[in-house]
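Encoded as structure tokens, the structure appears first; notes follow it.
Because the structure is predicted, anything quoted here is derived from the model rather than measured. Residue numbers start from 1 in every chain, and the chains themselves are labelled A, B, ... in the order their sequence lines are given, proteins ahead of strands.
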Amino acid sequence: MSLSRDQMAIRVARELQDGYYVNLGIGIPTLVANHVPEEMEVMLQSENGLLGMGPFPTEDEVDADLINAGKQTVTTATGASIFSSAESFAMIRGGHVDLTVLGAFEVDASGNIASWMIPGKLIKGMGGAMDLVAGADNIVVMMTHADKYGKSKLLSECSLPLTGAGCIKQVLTDLAYLEIYDGKFHLVERAPGVSIEEIVEKTAGALVVPDSVPEMKF
Amino acid sequence: MSLSRDQMAIRVARELQDGYYVNLGIGIPTLVANHVPEEMEVMLQSENGLLGMGPFPTEDEVDADLINAGKQTVTTATGASIFSSAESFAMIRGGHVDLTVLGAFEVDASGNIASWMIPGKLIKGMGGAMDLVAGADNIVVMMTHADKYGKSKLLSECSLPLTGAGCIKQVLTDLAYLEIYDGKFHLVERAPGVSIEEIVEKTAGALVVPDSVPEMKF
Amino acid sequence: MAGFDKVVNTYEEAMAGLENGMTVIAGGFGICGIPENLIKEIKKMGSKELTIISNNCGCDGLGLGILLEDRQIKKMVSSYVGENKMFEEQLLSGELEVELTPQGTLAEKMRAGGAGIPAFYTATGFGTDIAKGKDVREFDGRKYILEESVTGDFAIVKAWKADRFGNAIYRHTAMNFNPMAATAGKITVMEVEEIVEPGELDPMHIHTSGIYVDRLIQGTFEKRIELRTVREN
Amino acid sequence: MAGFDKVVNTYEEAMAGLENGMTVIAGGFGICGIPENLIKEIKKMGSKELTIISNNCGCDGLGLGILLEDRQIKKMVSSYVGENKMFEEQLLSGELEVELTPQGTLAEKMRAGGAGIPAFYTATGFGTDIAKGKDVREFDGRKYILEESVTGDFAIVKAWKADRFGNAIYRHTAMNFNPMAATAGKITVMEVEEIVEPGELDPMHIHTSGIYVDRLIQGTFEKRIELRTVREN
């Protein structure tokens, strides 16, 4: 069985460590916030200038001046700090964020990522994605293994315009957890009940399958 | 008669305009602050991170955390702002300071300035002087016309290591007020009772003397 | 004499001097912390062929989006131009030019522009379309591209409070691009919710020093919310 | 678990891991806003061959000056090394190397180092000895030199107050180089006059975000004044 979105978030949350400053991309990555282990503290960075993002506000707390990078109203957590966009990206570009989780259209065996533009569709812009992938040492890409037509999103070479070159080392899909190095994908874990054959079949880029590939446990 | 230090400061103060943000270098330039015309407001920038420098503190007001770039204890004026050194030099480098007044060892007819180092003597460092001369459009150099041995400090080419290249356009000495352009010094005003001959004699760099050179009035 | 008093009383005065073809840098993220009324004044003035440097282009009917209605914008420099029907139309018809710039690079370009730094190297965008035609250089084994700074004929920003000298503080994440934008205008116009007397704001907590502010005006703001997201009480 | 609590209880813990030959970036201007006790700890540890990046080198008997006593410094990167007898001796004897850097360039080098900008162009120093060996490039008809950023194995900074998470505010001009230094250390150690609980400081007025701070310690400070200058009451 492929992972549900929540299971994907749970698996990514296992990469968290106590005291981590984390940037969660818009979309599925935000679900990771719901699965921070209880004994652990993490602080969420929002690239529009907030470190220490709290939960969504109650109706009474809603404040037009307090939003996240997804433009949603939010609150501040205890011990938050607020700063300019230049300062925010100084943190990101300077490698001060411990973990970045973001979605993608494609990732390839060289660690390239395409996540911001599909030619022919309207261009909306890369927002902070190019800065995030260039700035973080520790990035987890979170996406489905294949698109809705069954076409692999783990390629030998990205076909879409890149968000960043050679910067992705870890990918969590609905089928597997993989690492990227030496120009290849390396299968590390598989979703419960998902066969190695299915993963091999749905991975277009070079894939190394070790002798033993443990199943994720939930 | 050559100008006194106070007369020099009075003459430089005539370059001030209401609402000017001004950086006064350490030494003689600080005297300019004493001669701001009464109907005028200027704000002093101190490059260690203070805009709106007030007078020296009373004994009771002395605060080790509030100093100027000369390391003297100071106070803040009403409407002051305090910021980091990076922000301070962003103001300076970005050309936001309206007038900079600083001393020099030598200035030459190309607008070069030497003000920070005399080889053979111990090197103390340029501090913020190189940034100030590179950042300001409007700089007045304030110095004696000749050194204590009578040797001109207005040269065809600076002999000492430069603080900045081609950045000085105005010089006020104890003998004259001069502008620099087209690779020459241009005599604009002379100190009361100082002859053009004396100025010509003590200016080593190319000097243009117009038909009429008014005396400064005090 | 006026001294450091930057206060102007009308939006006409605030935007006086804006001409066709000029470049305007605007603060704001989405429609949070945008200079709503200064933008409305630009619409009223009808200036054309503007180049606008701003992270986003507002939305339909609010913020910079309203300048699309009369085709006042020639070119947008932005990181994300979002969901804006009119934007899409003008882009596809070729009436509007867009220079997409990564968000952090855009923020740094504004800061650099205000700080007298003409260009800087960044890893952001290396190996992507953004890098095309840009210098590449290696430092410590990693490759970076050279990005040039930006400045504007005008900068329009929105702060929370400012004293009459233009010393300003921003409220929460309405800060965003405003502090950098404020430094990068030949003429910087700031609108605020409240103007106070000099001395009322703590010098240690000023976000934007008055040295950057040329004109200051107090306004009232709609402060629309783009995505109202709430939890149960 | 510790979470974001950065507080350490001893200066030994604060400086643990400092080794011979490392680079240390220090905040402070003159002896204003210097991390007095962290410097004393370095003296106590006796680390040698240090490269120190700091605007100044303290004075005789206080601040970084005390590291000269046991010849712990191999190289200083500073804008002004002031009146320091021991400094002069070691410089003239060739025991100490000095890399003089314009003050604004030094501040920007630290900021850039912390912000992932490996190099930037500045007009400061163009045409002077500082420009020797550096790339020159013209932008808009003016010439600029390329300056590379700096980072340290350690950064040592002094703030006024910080919460346990390391969110800090500085007092008056004791801010100076501290905010940039704080961003540029692989390990950043901050000492403060007062540690408060998270939530006590307004998020909008934090000067240095806790993300930059690895270790935090509360100390007592001499805060000597270099030039006490007063006027009549």
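- In the displayed structure, B:N34 atom CG is contacted under 6.0 Å by more than 12 heavy atoms of other residues, nucleotides or ligands.
- With chain C as partner, the option from B:M91, B:Q45, B:Q17 having the largest number of non-hydrogen pairs under 4.5 angstrom is B:M91.
- No more than 12 heavy atoms of other residues, nucleotides or ligands lie within 6.0 Å of CG in B:D137, so this atom counts as exposed by the packing criterion.
- Heavy-atom pairs under 4.5 Å with chain C were tallied for B:Y20, B:Y21, B:F83; the largest tally goes to B:Y21.
- Within a 6.0 Å radius of CD in B:E157, other residues, nucleotides and ligands contribute 12 heavy atoms or fewer.
- Heavy-atom proximity under 4.5 angstrom to chain C picks out B:H96, B:V97 from residues 96-109 of chain B.
- For C:K134, the NZ atom is densely surrounded, since the number of other residues' heavy atoms within 6.0 Å is greater than 12.
- For C:K43, the NZ atom counts as densely surrounded, since its 6.0 Å shell holds more than 12 non-hydrogen atoms of other residues, nucleotides or ligands.
- Summarising the geometry, atom CZ belonging to C:R111 is positioned 7.0 Å from atom CD belonging to B:E87; distances are rounded to the nearest 0.5 Å.
- Of all non-hydrogen atoms in C:P203 and B:A80, the two that sit nearest each other are CB-O, 3.5 Å.
- Taking both residues in full, the closest heavy atoms of B:L51 and C:S209 are given as CD2-OG, 3.2 Å, listed atom of the first, atom of the second, then distance.
- Interface with chain B: from residues 155-177 of chain C, residues C:D163, C:F165, C:N167 qualify, criterion being any non-hydrogen pair under 4.5 Å.
- For the pair B:M43 and C:F4, the tightest heavy-atom approach, listed with the atom from each and the gap, is N-CZ, 3.2 Å.
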